[in-house]
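Step one of this worksheet: look at the structure below.
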Amino acid sequence: LLRLERACCVSSVLAAAWREGALTSSQAQTLVAVVLAEGSARWVAAWVERAGRVTLRRLEDDVDHALATGDLDPSSLPALPGPPPAPDAPDPAGVQTGARPMHGRERNRVRIHAPVEVVRLLRASLFTIQRRIERRAGRTSSPGEALEALLDHVLETWSRQEHPIPREHRVFARDGWRCTVPGCSSHASLHAHHVRFRSAGGGDEPANLTTLCAAHHLRGVHAPSPAGRIRIHGRAPEHLRFDTPLGTWGSGDIRRSPGAIAVSERFLVCRS
């Protein structure tokens with residue numbers, strides 16, 4: 001809408017057509033690219049008139065063609081199709097398929113199906129990129145070249161990010177988004193626990209961090225009663241030792257006897 005208002009400030013013809021309802025929102029947005037192009041002022045009225053005679057898709061194609069070639073006079077565009085042939089008229093192509101041959105630019109066209117708002121944003125971005133390419137290179141630029149530049153920029157930007165996962169979540173991702181206390185499979189309310197406490201000089205390196213659920217972290221490791229505490233030693237993730245009131249286990253250990261599992265489950269329920 002800001003681009004449309006800016007174009008209306010540039011062209012009183014577009015402003016009048018838009019505010020009087022001669023153009024739909026989509027038609028007006030499509031014509032913005034032409035109106036803001038240098039040297040287009042004398043052709044705006046003809047573009048507004050053409051917008052009322054063609055479909056929105058045809059209008060978009062015409063605008064793309066004019067910007068790519070630099071010829072902003074809509075009268076230089078291919079003639080508009082005449083009325084459709086009568087039902088009993090012979091097929092001009094000689095075959096009754098309803099199809100038409102594809103020529104030139106249509107063969108290399110990329111079709112993107114997306115919500116209208118997304119398409120408008122993409123078209124506005126491509127138009128801006130085209131103008132920047134033209135200013136730098138001193139020549140006309142096509143929408144295809146602008147799209148290629150846009151995709152190159154996206155790839156370059158995201159390839160710089162060595163870790164797409166936020167830093168504070170990398171320990172969770174390494175540990176499978178699960179509590180690492182043997183026998184616990186909780187994936188809710190996860191905490192990054194410092195094996196060697198920070199108060200004791202422990203750092204934030206991955207080997208000193210392991211994933212714990214809130215119950216094991218707050219009511220196990222940091223339990224107020226020494227009898228209920230869980231002590232964790234070693235280096236994460238493979239070389240940890242968990243000392244619990246029910247026994248000692250290593251990283252990834254599973255309790256072996258049904259009795260131990262039952263006792264452990266009662267302990268976890270009581271503590272949580």
Side-chain angles (χ1 to χ4, degrees), residues 1-18 23-80 100-162 164:
L1 290 177
L2 288 174
R3 293 182 73 248
L4 178 55
E5 285 303 315
R6 185 175 65 177
C8 288
C9 292
V10 172
S11 172
S12 60
V13 175
L14 177 67
W18 161 240
L23 293 174
T24 67
S25 175
S26 298
Q27 290 171 331
Q29 291 282 359
T30 301
L31 293 181
V32 166
V34 170
V35 172
L36 295 181
E38 186 177 356
S40 64
R42 56 177 174 167
W43 309 118
V44 174
W47 278 106
V48 171
E49 189 271 338
R50 188 177 185 86
R53 301 173 55 200
V54 299
T55 64
L56 179 60
R57 175 166 293 183
R58 174 64 183 269
L59 181 64
E60 292 173 346
D61 291 343
D62 290 344
V63 169
D64 288 343
H65 178 78
L67 294 174
T69 60
D71 187 354
L72 303 179
D73 182 2
S75 64
S76 64
L77 295 169
L80 296 177
R100 59 183 179 84
M102 299 180 67
H103 304 285
R105 295 169 62 246
E106 291 184 296
R107 292 177 177 168
N108 300 321
R109 181 174 298 169
V110 176
R111 297 187 180 276
I112 299 176
H113 299 275
V116 175
E117 294 79 7
V118 176
V119 173
R120 288 177 181 167
L121 177 60
L122 178 59
R123 288 177 59 85
S125 301
L126 293 179
F127 174 72
T128 301
I129 295 171
Q130 280 182 258
R131 302 291 80 80
R132 177 167 296 185
I133 293 174
E134 291 171 353
R135 286 196 300 270
R136 291 183 176 180
R139 56 173 175 79
T140 59
S141 173
S142 67
E145 184 180 12
L147 178 61
E148 184 177 0
L150 174 65
L151 296 178
D152 286 342
H153 176 70
V154 171
L155 293 174
E156 179 183 359
T157 300
W158 284 97
S159 63
R160 295 183 192 144
Q161 301 190 14
E162 298 179 0

Next item on the list: Quick one: closest heavy-atom pair of Trp18 and Ala28, and the distance?
Entry: CE3-CB, 3.8 Å
Item checked: Flag if over 12 foreign heavy atoms under 6.0 Å of CG, Leu151 -> yes
Item checked: Separation between CD1 of Ile129 and CG of Leu150, rounded to the nearest 0.5 Å -> 4.5 Å
Note to self: Please check this pair: side chain of Trp47 against backbone of Leu72, looking for a donor-acceptor N/O pair closer than 3.5 Å.
What the structure shows: yes
Checklist line | side-chain contact (heavy atoms from CB on, under 4.5 Å) between Leu77 and Arg50, worked out | finding: CA-CA 11 Å; Leu77 295 169; Arg50 188 177 185 86; 3.6 Å; yes
Item checked: Main-chain N/O of Ala7 paired with Ser11 side-chain donor or acceptor, under 3.5 Å -> no
Next item on the list: Answer yes when Arg58 and Asp62 have at least one side-chain N-carboxylate O distance shorter than 4.0 Å, and no when they do not.
Entry: yes
Next item on the list: Output, in order, the C-alpha distance, side-chain angles, deciding distance and verdict of side-chain contact (heavy atoms from CB on, under 4.5 Å) for Gln29 and Arg123.
Entry: CA-CA 10 Å; Gln29 291 282 359; Arg123 288 177 59 85; over 6 Å; no
Item checked: Distance-minimising heavy-atom pair for Ala146 and Gln130 -> CB-CG, 3.6 Å
Notebook entry, point to check: Looking only at heavy atoms, what is the nearest atom pair of Ser76 and Asp71, with distance?
Noted result: OG-OD2, 2.9 Å
Check: How far apart are the closest heavy atoms of Glu134 and Arg139, and which atoms are they?
Finding: CG-O, 2.9 Å
Check: Is it the case that more than 12 heavy atoms not belonging to Glu148 sit under 6.0 Å from its CD atom?
Finding: no
Note to self: I'd like to know whether Leu147 forms a side-chain contact (heavy atoms from CB on, under 4.5 Å) with Leu126, so could you lay out the CA-CA distance, the side-chain angles of the two residues, the decisive distance to 0.1 Å, and finally the verdict.
What the structure shows: CA-CA 6 Å; Leu147 178 61; Leu126 293 179; 4.0 Å; yes
Next item on the list: Search all heavy atoms of Ala51 against all heavy atoms of Leu31 and return the closest pair with its distance.
Entry: CB-CD1, 4.3 Å
Check: Run the side-chain contact (heavy atoms from CB on, under 4.5 Å) check on Leu36 and Arg131 step by step: do they pass?
Finding: CA-CA 10 Å; Leu36 295 181; Arg131 302 291 80 80; over 6 Å; no
Checklist line | Partner residues of Arg120 under the side chain to side chain donor-acceptor pair (under 3.5 Å) criterion, sequence neighbours left out | finding: Ser26
Item checked: Nearest atoms (heavy-atom pairs only) where Val35 meets Ser40 -> O-OG, 3.1 Å
